[in-house]
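This report concerns only the one structure given below.
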Number of protein chains: 2
Amino acid sequence: MNSCSYKLMRDNERVNTRWLSSRELSSWARLASILEALPPLLDSQLRHDAGLTHFDYRVLALLSETEGRTVRMSFLAKANNATLPRLSHVIQRLEERGYVERLASAEDRRATDVWLTDEGWEKIRFAAPGHVEMVREHVLDPLTEEQVDQLGTIAEQILRRLDPDGELRPIYGKHDDD
Amino acid sequence: MNSCSYKLMRDNERVNTRWLSSRELSSWARLASILEALPPLLDSQLRHDAGLTHFDYRVLALLSETEGRTVRMSFLAKANNATLPRLSHVIQRLEERGYVERLASAEDRRATDVWLTDEGWEKIRFAAPGHVEMVREHVLDPLTEEQVDQLGTIAEQILRRLDPDGELRPIYGKHDDD
DNA sequence: TTGCCAAGGTTGTAGGTACAACGAAAACCG
DNA sequence: CGGTTTTCGTTGTACCTACAACCTTGGCAA
């Protein structure tokens with residue numbers, strides 16, 4: 001049948017590609033399916049229950065975890081792997097809804113600081129339980145404790161390749177209790 | 001500092017939510033970052049090198065792996081976790097570009113079959129090496145063989161929760177060699 | 001049959017993301 | 001210093017996805 005998308009091609013068609021072995025393919029295919037299915041699921045839960053996208057949630061979450069609830073645009077963008085244009089649009093919409101405000105930075109007159117309003121604080125406080133429950137149910141609960149740790153290690157290694165400078169990683173990274 | 005998005009709230013704020021422990025949080029945060037970063041990366045590589053989205057690629061890949069290169073719309077949709085409207089738009093664009101054709105199904109007059117043209121076959125054949133290289137470099141290579149297997153098991157368990165009926169899983173699932 | 005409802009697809013539109021172009025302030029440098 | 005180059009951010013547009021409305025066919029039962 002000679003499938004051509006991930007597996008071996010016929011010898012005479014080979015270029016120089018190292019195609020995926022069965023086990024690699026099987027692992028990747030499942031991850032790819034998760035990539036396809038999980039984000040829309042998180043989005044739809046959050047949109048339905050709180051009117052937020054998952055990306056909105058991450059932005060508000062990071063703000064809520066920061067001393068003074070204030071973060072610079074460019075930092076917010078890097079931490080969420082977003083381009084500045086995208087973040088700019090998102091922040092504009094969040095500002096129109098009253099969840100954040102933009103302030104000209106004192107130190108750098110090019111820069112803009114984003115501040116989480118009380119309304120925004122209440123918003124994410126309201127949205128958090130449902131979202132956490134979703135993550136628990138669909139990601140953590142199906143795994144054993146050991147697998148949760150394995151996942152952490154695996155994800156860390158992949159992330160180190162995706163994001164060598166570690167700008168993307170600090171999110172939700174405050175391990176201050178337990 | 002009392003972060004509110006994933007971790008424990010103050011006792012007096014607690015509702016009934018089981019917040020994430022440090023280790024759970026750390027694993028989930030990393031996975032969430034991958035969810036945010038990997039799909040855009042795959043998209044941009046494919047768009048740049050072949051003018052396809054990752055979703056386009058999955059559609060063409062499934063077609064290319066199917067006997068007769070023909071698959072019904074509704075099956076294509078389920079296998080890719082897409083809604084029918086979304087798939088319909090995507091197929092329309094692929095058809096305009098000459099990569100697929102739509103045929104009225106003989107068995108069911110409501111149904112539409114999608115057929116991968118020779119041009120479409122060449123397209124994915126052309127796109128595959130670069131995409132596979134990307135997957136290798138950013139997902140498989142950073143992991144040990146053992147971790148690749150662990151990832152497969154973990155992903156399978158999560159997927160079983162996301163997709164209990166297994167409609168999403170068969171993709172790329174032909175393990176016919178190795 | 002007739003009537004009803006579920007399943008398969010299409011179309012239109014609103015909302016979000018990607019990309020390119022732009023402007024302004026800071027940093028670098030000869 | 002004066003000029004060039006990054007960095008920071010906004011705006012506009014094209015593309016893609018989500019959602020709702022709609023139409024047709026098939027399945028099922030009275």
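Note: hydrogens, waters and symmetry copies are ignored here, and every other heavy atom, side chains too, is used. Here is how names work: the chains are called A, B, and so on, in the same order as the sequence lines, proteins then strands, and each is numbered from 1. These numbers were taken from a predicted model, which means no experiment stands behind them.
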Is there a side-chain contact between B:L162 and B:L168 in this structure, where contact means two heavy atoms from C-beta onward sitting under 4.5 Å apart? no

Is the closest side-chain donor-acceptor distance between B:S64 and B:R69 under 3.5 Å? no

Would you say the side chain of A:L31 lies within less than 4.5 Å of the side chain of A:W28, judging by non-hydrogen atoms? yes

If each of B:D56 and B:D108 is mapped to the nucleotide of DNA chain D with the nearest heavy atom, which maps nearer the 5' terminus, i.e. the 5' end? B:D56

What are the atom names and distances for every N/O pair under 3.5 Å that joins the protein to nucleotides 10-13 of chain C?
from, atom 1, to, atom 2, distance (Å)
C:dT10, OP1, B:R102, NH1, 2.9
C:dT10, OP2, B:S88, OG, 3.0
C:dT10, OP2, B:R102, NH1, 3.4

B:R72 has an atom CZ; how far is it from atom P of C:dG9, in whole Å? 7 Å

Between B:H48 (NE2) and C:dA18 (P), how many Å, whole number? 16 Å

Does the side chain of B:R97 reach to within under 4.5 Å of the side chain of B:L52, using non-hydrogen atoms? yes

Between atom CZ in A:F55 and atom C1' in C:dG16, what is the gap in whole Å? 11 Å

Just the endpoints, please: which first and last nucleotides of DNA chain D, 5' to 3', lie under 4.0 Å from a heavy atom of chain B? D:dC16 to D:dG26

By side chain to side chain contact (heavy atoms under 4.5 Å, CB included), B:D141 pairs with (sequence neighbours left out) A:R18, A:R161, B:R136

Across all chains, not counting sequence neighbours, the side chain to side chain contact (heavy atoms under 4.5 Å, CB included) partners of A:E145 are none

Supply the atom-to-atom distance B:L151 CG to B:E156 CD, rounded to the nearest 0.5 angstrom. 11.5 Å

Heavy-atom nearest nucleotide on DNA chain C taken for B:S44 and for B:D113; more 5' hit belongs to B:D113

If I take atom CG in residue A:L94 and atom P in nucleotide C:dT17, what distance separates them, rounded to the nearest angstrom? 10 Å

Hey, is the side chain of A:R109 poking within less than 4.0 Å of OP1 or OP2 on C:dG23, counting only N and O atoms? no

In whole angstrom, what separates B:L76's CG from C:dG8's C1'? 13 Å

Would you tabulate the pairs of protein nitrogen or oxygen atoms and nucleotide nitrogen or oxygen atoms of nucleotides 1-7 of chain C closer than 3.5 angstrom?
from, atom 1, to, atom 2, distance (Å)
C:dA7, N3, B:R110, NH1, 3.3

Please tell me whether A:Q147 and B:Q150 have a donor and an acceptor in their side chains that are separated by less than 3.5 angstrom. no

To the nearest angstrom, the CZ-P distance between A:R97 and C:dG15 comes to 11 Å

In whole angstroms, the gap separating P of C:dA18 from CG of A:N80 amounts to 12 Å

5' precedence on DNA chain D between A:R47 and A:S74 (nearest-nucleotide basis): A:S74

Quick test of your reading: applying side-chain hydrogen bond (donor to acceptor under 3.5 Å, both in side chains), list the pairs with at least one residue in residues 44-53 of chain B, sequence neighbours left out, ordered by first then second residue. B:Q45-B:D49, B:T53-B:D56

Spell out, yes or no, whether B:W115 and B:L87 are grouped together once hydrophobic residues are joined by side-chain heavy atoms under 4.5 Å, including indirect joins. no

cation_pi(A:R93, A:Y99) dist<6.0 Å, angle<=45: no

